[in-house]
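To find a chain, count down the sequence lines: A is the first, B the second, and so on, and within it residues start at 1. Values in this document were obtained by computation on a predicted structure and should not be read as measured data.
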Amino acid sequence: MAQPLFRAPVGTRDLLPPESGRRRRLVSVFADLADRSGFGLLESPIFEELGVFQRLGASNDVVTKELFEFFDKGDPPRHLALRPELTASVCRAFAEHRPTPPWKIWYSGPQFRYERPQAGRYRQFDQVGVETLGTDDPHADVEVIGLGLRFYEALGMKQVRLLVNSLGDSESRPSYVAALAEYLRSRHGELSDQARLTLERNPLRVLDSKREQDQPVIAAAPVMADFLSGASAEHFAAVRAGLDSVGAAYEISPRLVRGLDYYTRTTFEFAADALHTAQNAVGGGGRYDGLVEELGGPPAPGIGFALGVDRILMACDAEGAFAAAPAPVEVFVVDTAGGHSAAVLCDRLRQAGLGVDRAFDGRSMKAQMKRADRSGATVAAIVGPDEQAEGAVTVRDMRPGGGQRRVAEAEVVAVVTELLEGAD
RNA sequence: GUGGCCGUAGCUCAGUAGGUUAGAGCGCCGGGUUGUGGUCCCGGAGGUCGGGGGUUCGACUCCCCUCGGUCACCCCA
């Protein structure tokens with residue numbers, strides 16, 4: 001293979017049409033849903049001061065090993081990092097601007113994590129998400145979770161399951177973690193080496209182990225539900241009741257743990273059953289009642305989710321949903337006359353709001369017609385020497401059995417529009 | 001960071017128990033007489049077989065290194 005001089009860096013890729021257009025449509029479906037639910041768009045920087053992300057958890061790989069960090073040219077240099085997720089940025093923005101709560105925000109964009117790529121995992125990846133800050137009303141949880149569910153539905157996905165759990169608050173969580181750690185230590189000998197390491201860093205995360213060996217131990221582990229404080233249990237019950245009221249199907253997943261340390265109380269995950277890869281979580285989120293404060297802001301509880309665009313699209317492929325489609329071309333302009341006729345014609349048709357493409361390089365009529373066909377255009381507008389001489393255009397219906405006729409330039413838009421109206 | 005598998009034309013792949021000019025399909029370009037696509041037919045361009053080193057009379061085929069891809073662990077969306 002002739003080796004290209006450069007290629008996209010490891011874990012990144014170029015998104016070409018029509019796939020790129022499909023992603024854009026996905027975001028616009030999400031944007032529409034978020035807008036209609038009272039969420040406004042937050043566009044935050046792609047990089048932040050390192051400290052913004054260090055609150056995500058000292059035991060967390062995302063912070064300790066996977067950050068793309070760098071220094072700028074300041075004096076002294078500032079220590080910055082490409083954002084590995086967006087919740088921290090949203091909280092930082094909240095702490096910085098002090099908007100009136102509840103602050104309901106949606107976002108989309110690239111995020112960066114230095115990991116070994118694998119199915120559904122890239123170093124640069126896209127997420128869409130929402131966050132509601134400044135309220136711990138269980139109905140805020142219900143609204144956020146419901147929005148996620150409706151989004152998958154809007155894409156035509158059917159095989160997405162919602163898993164929910166509560167991690168408890170600052171009172172109940174520590175006692176659970178202590179009990180869990182004690183239990184895990186009692187079965188230390190049965191755990192994998194990896195799980196033992198995880199146990200020392202963050203006992204909760206052991207519940208996430210995918211190793212066969214750990215499964216029996218995990219299955220018998222104590223569950224958070226038994227350790228919830230009265231207030232947390234009540235909050236969780238209200239969230240569940242709310243979900244029931246809007247007909248949102250969910251499963252209680254007592255051992256569901258989120259990756260980032262800031263989560264409290266409600267946690268949830270969207271699992272794509274169509275995906276048989278290791279990464280079948282197409283989205284996840286939860287409550288993070290202390291994060292804003294940790295970033296120097298006022299006490300402000302929050303809840304949100306992030307949905308992985310790449311994984312969602314993989315799941316769509318597996319389900320046959322939300323297919324990619326090339327940008328629609330309605331009219332293809334064929335020009336064998338030379339001069340500016342084709343340019344003028346294209347411009348006129350586009351000004352009329354039509355989707356128009358054309359050929360270049362003065363190729364043969366046959367070649368241009370072939371292009372017209374491949375473009376998927378319903379109509380070909382042909383300008384050759386004859387047409388040019390009489391100020392006319394040949395309008396050809398490209399559909400099987402479609403005919404053609406020569407019309408005056410001034411009538412082209414009307415004739416084409418009429419043909420297209422009969423197209424559907 | 002650890003491990004498995006893979007790396008031949010733009011794409012999807014075939015090929016070689018090591019031996020003359022490396023193949024197919026799709027795509028691309030041209031043509032099938034007199035300006036017109038979708039089917040069909042003919043022709044053509046395009047590959048130093050990821051890169052480097054080694055073994056050999058000779059390697060795309062064997063060995064080593066390296067880069068890249070892919071999948072899994074870890075981590076997470």
Cation-pi check, A:R83 onto A:F112 ring (under 6.0 Å, within 45° of axis): no

Pairing pattern in dot-bracket form [Watson-Crick, G-U; both distances under 3.5 Å; | = partner strand] for RNA chain B: (((((((..((((.....[...)))).(((((.......))))).....(((((..]....))))))))))))....

Tell me which residues in residues 104-127 of chain A lie within less than 4.0 Å of RNA chain B, going by non-hydrogen atoms. A:R113, A:E115, A:R116, A:Q118, A:A119, A:G120, A:R121, A:Y122, A:F125, A:Q127

Strictly below 4.0 Å: does A:T198 bring a side-chain N or O up to OP1 or OP2 of B:C75? yes

Of the nucleotides B:G37, B:A72, B:C75, which has the atom closest to the A:D373 side chain? B:G37

When you measure from the centre of the six-membered ring of A:F322, is the NZ or CZ of A:R25 under 6.0 Å away and within 45° of the axis? yes

By nearest-nucleotide position on RNA chain B, the 5'-leaning member of A:F270 and A:V334 is A:V334

Taking 4.0 Å as the cut-off, does a side-chain nitrogen or oxygen of A:R371 come that near to OP1 or OP2 on B:C29? yes

Spatial distance of atom OG1 (A:T417) from atom CG (A:L354) [nearest 0.5 Å]: 5.0 Å

For A:Y122, is the NZ or CZ atom of A:R13 found under 6.0 angstrom from the centre of its six-membered ring and inside 45 degrees of the ring axis? yes

Distance to the ring centre below 6.0 angstrom and angle to the axis at most 45 degrees; does that hold for A:R240 and A:F236? yes

Looking at B:C74, I'd like to know if its phosphate oxygens (OP1 or OP2) sit under 4.0 Å from a side-chain N or O belonging to A:S209. yes

Taking the side chain as everything from C-beta on, heavy atoms only, tell me whether A:L80 gets closer than 4.5 Å to A:E69. no

Heavy-atom neighbours of A:R350 CZ exceed 12 at 6.0 Å: yes

